[in-house]
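Residue numbering restarts at 1 for every chain, and letters A, B, ... go by the order of the sequence lines.
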Amino acid sequence: MPELPEVEITRRHLAGVMTGALIQEVAVTHERTARYNSGPREVEDRLVGRRVSDVGRTGKFLHATLDDGQMMVAHLGMSGRFTIDGEAEPHTHFRASLDTGNIVRFVDPRTFGFVAVFNEEEIGFSGLARLGPDAWTSPLGPAELEQALAGRTAAIKALLLDQGLISGLGNIYADEALHKARIHPMSAGGSIASGELAALIQAIREVLEAAIENGGTSLSDLAYLLPDGRAGENLEQLMVYGRTDLPCLTCGTPIRRILVRSRSTHFCPSCQQGPSA
DNA sequence: ACCTCCCTGGCC
DNA sequence: GGCCAGGGAGGT
């Protein structure tokens with residue numbers, strides 16, 4: 001499932017082919033993919049003839065600035081990925097032909113993702129406007145994180161997934177960062193000592209850095225692939241995610257899986273103990 | 001601050 | 001043949 005590292009890798013590929021290019025033809029072939037505009041036709045009409053000035057990312061949202069001040073905004077959701085000059089494979093819901101000859105496609109079997117075109121006002125009402133600071137490009141400092149978590153009784157795992165607090169972390173990297181920082185996922189956010197928060201900030205940075213370097217995490221379902229079709233190689237770096245009942249790679253204790261806010265959560269009961277344990 | 005829904009391929 | 005995966009929007 002695409003999280004910040006996978007979206008960042010996608011952004012770099014898209015920036016390489018889209019920056020400076022003219023969008024000549026667009027086809028949106030699934031209603032749901034265009035659900036944040038009035039429909040496929042609007043997305044097509046607002047993109048055709050526009051030139052892309054840059055491709056950015058905030059949290060898990062991709063955004064390309066267009067020459068008329070609009071933005072193309074995309075989210076990969078659960079199963080979305082962009083391909084560049086790939087084949088017209090099943091579940092392709094968006095295709096853009098550029099004046100460079102490159103063809104960008106959006107493939108998304110579960111249709112949790114979307115492609116939208118927003119002007120400045122529309123962006124203010126979109127999910128983009130509700131994002132907290134990006135976990136990679138604008139990481140909170142220890143004092144800021146401590147302030148953000150003060151008084152919060154919710155589990156730290158749930159808080160790390162709250163995109164309004166910090167944007168970009170999903171289920172995989174939240175579990176990985178908590179393991180690296182040796183924090184129990186059920187710890188109340190406001191109860192975590194400042195030293196542990198400093199460790200958490202560092203763990204988030206290291207987990208994301210490794211994932212980006214490794215091309216992201218492609219799980220066995222291969223829902224996520226790089227835009228050039230290759231699988232990311234970060235799976236083998238995962239310490240807890242998807243390793244239920246397997247020995248902890250740090251201490252050998254079997255990894256446990258619990259539900260936190262109905263999200264599967266993986267942790268080592270030995271390495272990650274609550275502050276009181 | 002919580003719950004429900006959306007959606008489909010893959011797996012038991 | 002049914003269940004699971006889960007990000008984010010919208011509602012209570």
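Between the CD atom of A/E6 and the C1' atom of C/dA5 there is a distance of 15 Å, given to the nearest Å. Rounded to a whole Å, the CZ atom of A/F114 is 9 Å from the P atom of C/dG8. We find that NE2 of A/H93 is positioned 8 Å from P of B/dT8, with the value rounded to whole Å. For the pair A/H75 NE2 and C/dA9 P, the interatomic distance rounds to 7 Å; values are reported in whole Å. When rounded to the nearest whole Å, the span between CE of A/M78 and P of B/dG10 equals 13 Å. If you take CG of A/L4 and C1' of C/dG6, they are 17 Å apart, rounded to a whole angstrom. Remark: C1' of C/dG6 and NZ of A/K60 are 9 Å apart, rounded to the nearest angstrom. For the pair A/D162 CG and C/dA9 P, the interatomic distance rounds to 12 Å; values are reported in whole Å.
A donor-acceptor pair shorter than 3.5 Å cannot be found between the side chains of A/N119 and A/E121.
Contacts between residues 126-138 of chain A and DNA chain C, counted as heavy-atom distances below 4.0 Å, involve A/G127, A/R130. Of the residues in residues 29-40 of chain A, those with a non-hydrogen atom less than 4.0 angstrom from any atom of DNA chain C are A/Y36.
Among residues two or more places apart in sequence or in another chain, the salt bridge (charged side-chain N to carboxylate O under 4.0 Å, His left out) test is passed with A/D162 by none. Residues satisfying the side-chain contact (heavy atoms from CB on, under 4.5 Å) test with A/E42, not counting sequence neighbours, are A/N37, A/S38, A/R46. For A/Y36, the ring pair (Phe, Tyr, Trp, His ring centres under 6.0 Å) test picks out A/F114, with sequence neighbours left out. When the side-chain contact (heavy atoms from CB on, under 4.5 Å) test is applied to A/K180, the partners found at least two apart in sequence or on another chain are A/A203, A/E206, A/V207. A/E8 pairs by the salt bridge (charged side-chain N to carboxylate O under 4.0 Å, His left out) definition with A/R11, A/R12, A/R57, not counting sequence neighbours. A/D245 pairs by the salt bridge (charged side-chain N to carboxylate O under 4.0 Å, His left out) definition with nothing, not counting sequence neighbours.
The only member of A/K157, A/R263, A/E3 that meets side chain to side chain donor-acceptor pair (under 3.5 Å) when paired with A/N171 is A/K157.
Phosphate contact (OP1/OP2 of C/dG6, side-chain N/O of A/Y241, threshold under 4.0 Å): present. The shortest distance between the side-chain N/O atoms of A/R261 and the OP1/OP2 oxygens of B/dC2 is below 4.0 Å. An OP1 or OP2 oxygen of C/dA5 is reached within less than 4.0 angstrom by a side-chain nitrogen or oxygen of A/R257. For A/H91 and B/dT8, the shortest distance from a side-chain N or O to OP1 or OP2 is not below 4.0 Å. One finds a side-chain N or O of A/R152 lying less than 4.0 angstrom from the OP1 or OP2 phosphate oxygen of B/dA1.
Residue A/A154 has its side chain nearest to B/dC2 when only B/dC2, C/dG6, C/dG7 are considered.
Of the two residues near DNA chain B, A/T153 and A/S262, the one whose nearest nucleotide lies more 5' is A/T153. Each of A/P109 and A/R263 lies near DNA chain B, and the nucleotide nearest A/R263 is the one positioned closer to the 5' end.
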- Message: Would A/S79 and A/D108 count as a side-chain hydrogen bond (donor to acceptor under 3.5 Å, both in side chains) here? Give the steps.
- Response: CA-CA 5 Å; A/S79 60; A/D108 185 16; 2.7 Å; yes
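Using a 4.0 Å cut-off between a side-chain N of Lys or Arg and a carboxylate O of Asp or Glu, A/E25 and A/R95 qualify as a salt bridge.
Other members of a hydrophobic cluster containing A/L246 are absent, since no ILVMFWY side chain comes under 4.5 Å of it, directly or through relayed contacts. Using a 4.5 Å cut-off between side-chain heavy atoms of Ile, Leu, Val, Met, Phe, Trp and Tyr, A/V55 falls into a hydrophobic cluster with A/V7, A/L14, A/V17, A/M18, A/I23, A/V26, A/V28, A/V43, A/L47, A/V48, A/V52, A/L62, A/L66, A/M72, A/L76, A/F82, A/I84, A/F94, A/L98, A/V104, A/F106, A/V115, A/V117. The hydrophobic cluster around A/F125 extends to none of the other residues, as no ILVMFWY side-chain heavy atom falls under 4.5 Å of it.
Counting any heavy atom pair closer than 4.0 Å across all strands shown, A/S264 reaches sugar-phosphate atoms only and no base atom. A/Q163 comes within contact range of the sugar-phosphate backbone alone, with a heavy-atom separation under 4.0 Å but no base atom that close.
Direction of the helix axis in the helix from B/dA1-C/dT12 to B/dC12-C/dG1 shifts by 40° between the two five-pair termini, rounded to 10°.
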